[in-house]
Amino acid sequence: MATTHRRIETQDAKALRSRRQHFAAPGGSHDRIVGFLARALPMAVGVLAAVMVITPLGPRGEISFLLDRNKVAMIKERLRVDNALYRGQDAKGRPFSLTAGEAVQQSSAEGIVRMDDLVARLLMTDGPARLSASAGQYDINDDIVAVAGTMRLATADGYRMMASGVSVNLKDKTLTGADGVEGEIPAGTFRADRMFVDLDARTITLSGNARLRMVPGKLRMP
Amino acid sequence: IGGHNSNAPVSFAADRIELQDRQDRVVLSGNVQITQAGLSLSAARTLLNYTDAGSLKIQRIMATGGVSVSRGNERAQGDSAVYDFNRRIITMAGNVRLNRGSDTLRGGRLVIDLASGVSSVDGAASGSSSVTGATSNSGGRVTGTFSVPQN
């Protein structure tokens with residue numbers, strides 16, 4: 001009932017009322033608060049709704065962002081990996097791993113991955129061996145690394161080999177070189193047109209005006 | 001012309017070289033030319049044994065198929081030859097022909113001692129002892145022609 005008209009009551013009745021009754025009486029402080037809130041709260045809801053609508057459009061910075069396909073950093077190649085690691089198994093089922101500082105595959109059409117400072121860790125009959133090269137192209141399908149520059153092999157028992165112009169077949173652990181190879185092993189340095197090396201059996205077959213030079217005396221590790 | 005240094009670097013040239021590192025062996029074939037400090041050996045096929053325990057040491061070179069060894073003005077030819085690096089001698093066998101300057105010597109077997117430069121030719125291919133002169137089989141004479149200066 002609206003408390004607009006005054007009530008008829010004696011001064012004595014007013015004095016007898018307790019504090020809770022004063023608080024609850026119509027026109028008391030509780031009524032004024034409730035009356036004020038009845039008008040203030042709907043207005044606050046309106047203001048809040050307005051604020052929530054307006055602020056995202058305001059100029060002050062973007063809180064949410066939209067992933068724009070054109071502005072994202074795109075690579076043209078199919079694959080570009082830093083510190084790449086590739087694991088595989090050779091013909092006898094022994095694992096090998098191929099790590100590279102950077103591996104780039106231009107397109108999926110050619111299964112060639114260009115690698116820089118690559119290191120292949122192989123498992124030979126007499127222990128692990130490490131084969132490193134400054135750059136090479138790795139053919140994924142038949143596990144052949146065409147080494148650009150010089151390749152170095154170091155095996156567990158201290159055998160060293162260095163060769164350039166070769167490609168390494170990781171599947172059956174052989175090296176082949178077709179147009180001009182040269183290299184060095186502890187026994188001497190060699191050079192030839194073509195070369196076939198079986199890393200496990202450590203046989204090096206040079207053909208086509210092959211040259212070999214052996215220096216008796218101190219073993220020279222390549 | 002003795003005093004050949006058997007520890008000098010040895011360089012090989014051939015059509016085909018096969019290095020078998022585990023067996024410490026090198027097989028060369030196809031007009032092989034081996035040169036070491038003035039001594040050069042050429043043959044059709046050669047086999048080289050070496051040891052690489054600690055330091056590289058070439059043990060011997062066995063050459064077959066028309067071997068010719070030349071050094072300075074001395075040139076020796078034979079069917080097969082064995083160059084023993086440890087005893088520093090070259091032994092050739094099988095119709096050996098040795099010519100030094102304009103002199104020639106033929107026989108069954110030739111031993112060149114690289115330390116002293118003495119080349120001794122033996123009649124029989126299987127050799128005979130220079131002391132008793134006894135040879136295991138008959139035949140096998142040593143023939144030679146020497147040119148005497150005119151003055």
Side-chain angles (χ1 to χ4, degrees), chain A residues 124-127 129 131 152-166 173-178 180-222, chain B residues 3-63 83-88 90 114-115:
Chain A
M124 313 282 249
T125 41
D126 53 4
L131 192 144
R152 286 176 183 281
L153 171 79
T155 65
D157 62 351
Y159 177 72
R160 297 278 183 279
M161 175 195 288
M162 187 181 71
S164 62
V166 294
K173 300 257 177 331
T174 58
L175 298 183
T176 49
V181 291
E182 58 187 20
E184 187 178 350
I185 54 174
T189 61
F190 53 83
R191 199 165 29 89
D193 291 352
R194 290 172 304 285
M195 176 170 90
F196 175 79
V197 177
D198 181 334
L199 293 175
D200 251 335
R202 284 191 199 160
T203 58
I204 301 172
T205 311
L206 308 165
S207 44
N209 47 58
R211 300 287 179 277
L212 167 69
R213 186 166 190 275
M214 295 171 82
V215 180
K218 210 182 75 51
L219 268 182
R220 247 160 299 280
M221 282 300 162
Chain B
H4 169 70
N5 168 16
S6 276
N7 283 331
V10 184
S11 55
F12 305 81
D15 289 351
R16 191 183 142 80
I17 297 181
E18 191 170 332
L19 287 127
Q20 293 153 6
D21 211 59
R22 287 196 194 281
Q23 296 88 3
D24 289 347
R25 194 171 48 198
V26 181
V27 178
L28 303 100
S29 54
N31 56 60
V32 180
Q33 265 108 30
I34 301 176
T35 51
Q36 178 185 41
L39 170 80
S40 78
L41 181 147
S42 67
R45 290 169 306 283
T46 64
L47 171 74
L48 176 136
N49 294 101
Y50 64 90
T51 59
D52 58 3
S55 75
L56 181 69
K57 184 123 189 38
I58 301 180
Q59 299 304 323
R60 81 183 67 80
I61 295 181
M62 287 174 272
Y83 177 4
D84 187 332
F85 277 72
N86 298 328
R87 289 165 44 212
R88 296 174 66 188
I90 296 181
L114 294 171

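Here is how names work: the chains are called A, B, and so on, in the same order as the sequence lines, proteins then strands, and each is numbered from 1.
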Whatever's closer than 4.5 Å to a heavy atom in chain B on A/Ala192 counts as neither

For B/Arg87, does the CZ atom sit with more than 12 other heavy atoms under 6.0 Å from it, leaving out its own atoms? no

Closest heavy-atom contact between A/Pro216 and B/Pro9? CD-CA, 3.9 Å

If we only count heavy atoms from C-beta on, is the A/Met161 to B/Asp21 side-chain gap below 4.5 Å? no

B/Phe12 CZ to A/Arg213 CZ distance, which is reported to the nearest 0.5 Å: 10.5 Å

Atom group of A/Phe196 that falls short of 4.5 Å from chain B, counting heavy atoms: neither

In terms of heavy-atom pairs under 4.5 Å, which option from B/Arg25, B/Gln20, B/Arg22, B/Glu18 contacts chain A the most? B/Arg22

CZ/A/Arg211 to CD/B/Gln33 distance, rounded to the nearest 0.5 angstrom? 8.0 Å

A/Asp126 versus chain B, the contacting section by heavy-atom distance below 4.5 Å: side chain

Residue, of A/Val215, A/Ile204, A/Asn209, A/Ile185, that accumulates the most heavy atom pairs under 4.5 Å with chain B: A/Ile204

Option from A/Leu206, A/Thr205, A/Thr203, A/Val197 for which side chain to side chain contact (heavy atoms under 4.5 Å, CB included) with B/Leu19 holds: A/Leu206

The interface call for B/Val26 against chain A, heavy-atom contacts under 4.5 Å, is side chain

Atom pair CD1 (B/Ile17) and CE (A/Met195), whose distance is rounded to the nearest 0.5 Å: 12.0 Å

Heavy-atom distance under 4.5 Å to chain A: side chain of B/Ile34, backbone, both or neither? neither

A/Arg202, CZ atom: more than 12 neighbouring heavy atoms under 6.0 Å: yes

